[in-house]
S.K.: 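Attaching a single structure in structure tokens format; questions to follow.
Please read all numbers here as calculations on a predicted model, not as lab measurements. So you know, we letter chains A, B, ... as the sequences are listed, proteins then strands, and number each from 1.
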There are 2 protein chains.
Amino acid sequence: MTDRRTEILTGAARVIARQGVRGLRVADLAAEAGVSTSLIYYHFKDRAGILRHALAFIGDRADRYTAAEAEAERGAEAAGGPSGPRQLLERTLLLEFQDLPEVRENSTAWGELRAHSVFDPELREELAAAGTAWAAEVAGRLAELCPAAPPGAVTAAAERLTALLEGLSVRWLSGLLPLTHARNLVREAIGVEASRLGSPLDVN
Amino acid sequence: MTDRRTEILTGAARVIARQGVRGLRVADLAAEAGVSTSLIYYHFKDRAGILRHALAFIGDRADRYTAAEAEAERGAEAAGGPSGPRQLLERTLLLEFQDLPEVRENSTAWGELRAHSVFDPELREELAAAGTAWAAEVAGRLAELCPAAPPGAVTAAAERLTALLEGLSVRWLSGLLPLTHARNLVREAIGVEASRLGSPLDVN
DNA sequence: GTCTATAAAGCGATAGAC
DNA sequence: GTCTATCGCTTTATAGAC
């Protein structure tokens, strides 16, 4: 966990969040991780290897955050908090819109990898897998919220919500959209989509 | 129009669409435009200057496409085609989802600049201006479609639609989402938002 | 305004000692 | 496994002729 490899990958996430994938310099990464450049080549062979492992590392970390949140959610529910399917979906979708250093760093790095995939086909497989898993999770929660909706419509709504998220995320991270505004737009989008899908809890 | 500066900027749009902002090499641009590297420095001072002017150039070009489309639209309307406010809005939003080299190139370059702005504050001013103008145009057409909707709700809906567009655009350009699927999601999103805003033409 | 030639710096990657 | 030192290619940017 705190071996050198992990330290280097943690540093890579930080550097990518700060300078972007194409702004990552091996020397910067070495300074960030407090090791020599040659140690990085020893562990990851070359720059492409660094990127591949960093991508997987960042993806895994996002999964862990998601899982931790789902756990916390179940806890809150057990404690009698206000946790209907609507709140569950909202929390899931708002996860990456938090101004915590960890979350912001992961969001930035992940968004960078997504943007970079337009020019680097090598990244697409990983992104596609993460993207479909994420869309399926959202679709599942939407289906809970709107049990009477046809599956095809739920899938499409989930695709729209996740794509909206990605668009808003870029705007937020580049300072074009305040965080609270972004969060409101997501909440409203859930309302709009759920209403169209015939949520029984609708009317707001 | 066909002076050297314009030729270089046209080449810059092509190179950025092919290799990304951070993949733009001055030597590549020189080859693309058929000039020497030093001529580029003569006209644009340094690499950042190239980027600044290329961004403005690409933005202007997108405006021209949009304006041309609006004109064509008015022509079709005069000719008695099926052009209600709904069709107008749809065409406006689907403009960048076309598999024509020009459009794809501009979309790719613009998306790249947007993504890059997360790491380069210098680009944000231009992006913010283009973004608000674009959102205002969409909001105007939405208001036409849903005359009874409160202005605040229309603005928010326009922000969601344009952000959705940007999210879908990245997915399309990176090959994660087929073009027709992206177009369908946009059309459905218009329907969902318009319905929520109380479009008189609703019910589909 | 435009070119050729080149300086200067940046950067990925390796060799070899410990 | 980890470091220091360095090689060699790439890339930005400038000098100076035309």
S.K.: Can you tell me the distance, in whole Å, between the CG atom of A:L51 and the P atom of C:dA13?
M.R.: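 In whole Å, C:dA13 P lies 11 Å from A:L51 CG.
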
S.K.: Inspect the contact between B:E125 and B:R52 and indicate whether a charged nitrogen and a carboxylate oxygen are less than 4.0 angstrom apart.
M.R.: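 Salt bridge: no.
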
S.K.: Distance from B:F97 atom CZ to B:T180 atom OG1, nearest 0.5 Å?
M.R.: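 One gets 12.0 Å once the value is rounded to the nearest 0.5 Å.
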
S.K.: Near DNA chain D, counting only heavy atoms under 4.0 Å, which residues of residues 19-34 of chain B show up?
M.R.: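 Per residue number, the list reads B:L24, B:R25, B:V26.
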
S.K.: I'd like to know if A:E32 and A:R18 make a salt bridge, using a cut-off of under 4.0 Å between side-chain N and carboxylate O.
M.R.: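 Looking at A:E32 and A:R18, the cut-off is met.
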
S.K.: Is any side-chain N of the basic residue among B:R4 and B:E7 closer than 4.0 Å to the acidic one's carboxylate O?
M.R.: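 Counted as a salt bridge, because a side-chain N and a carboxylate O are separated by less than 4.0 Å.
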
S.K.: Who passes side chain to side chain donor-acceptor pair (under 3.5 Å) against A:S36, sequence neighbours left out?
M.R.: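 In terms of side chain to side chain donor-acceptor pair (under 3.5 Å), with neighbours along the sequence ignored, A:S36 is linked to A:S38.
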
S.K.: Quick one: B:I50 CD1 to D:dT12 P, roughly how many Å, whole number?
M.R.: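 Rounded to the whole Å, the gap is 8 Å.
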
S.K.: In Å, rounded to the nearest 0.5 Å, how long is the span from CD of B:E90 to CZ of B:R86?
M.R.: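 B:E90 atom CD to B:R86 atom CZ measures 5.5 Å (nearest 0.5 Å).
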
S.K.: Measure the angle between the two terminal helix axes of the helix from C:dG1-D:dC18 to C:dC18-D:dG1, five base pairs each, and quote it to 10°.
M.R.: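 Comparing the first five pairs with the last five, the axes sit 0° apart.
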
S.K.: Show every donor-acceptor pair shorter than 3.5 Å between a side-chain atom in residues 151-161 of chain A and any protein atom, with sequence neighbours excluded, or say none if there are none.
M.R.:
residue: A:T155; atom: OG1; partner: A:P151; partner atom: O; Å: 3.1
residue: A:E159; atom: OE1; partner: B:H181; partner atom: NE2; Å: 2.9
residue: A:R160; atom: NE; partner: A:E193; partner atom: OE2; Å: 2.7
residue: A:R160; atom: NH1; partner: B:E188; partner atom: OE1; Å: 2.6
residue: A:R160; atom: NH2; partner: A:E193; partner atom: OE1; Å: 2.9

S.K.: Not counting sequence neighbours, which residues clear side chain to side chain donor-acceptor pair (under 3.5 Å) with A:E166? List them please.
M.R.: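 Applying side chain to side chain donor-acceptor pair (under 3.5 Å) to A:E166 gives B:R171.
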
S.K.: Could you tell me whether the phosphate oxygens of C:dT2, OP1 or OP2, come under 4.0 Å of any side-chain nitrogen or oxygen in B:R4?
M.R.: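 Checking B:R4 against C:dT2: at least one side-chain N or O falls below 4.0 Å of OP1 or OP2.
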
S.K.: Specify the residues of residues 37-44 of chain B, ordered by number, for which at least one heavy atom lies under 4.0 angstrom from an atom of DNA chain D.
M.R.: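 By residue number: B:S38, B:Y41.
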
S.K.: Under the criterion side-chain hydrogen bond (donor to acceptor under 3.5 Å, both in side chains), I'd like the reasoning laid out for A:T6 against A:D3: C-alpha separation, chi angles, the key distance, then a yes or no.
M.R.: CA-CA 6 Å; A:T6 308; A:D3 57 64; 3.1 Å; yes

S.K.: Could you give the CZ-to-P distance, from A:R47 to D:dT10, as a whole number of Å?
M.R.: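 Rounding to the nearest Å, CZ of A:R47 and P of D:dT10 are 15 Å apart.
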
S.K.: Tell me whether the NZ or CZ atom of B:R183 lies within the 45° cone about the ring axis of B:W172 and under 6.0 Å from its centre.
M.R.: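 No cation-pi geometry.
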
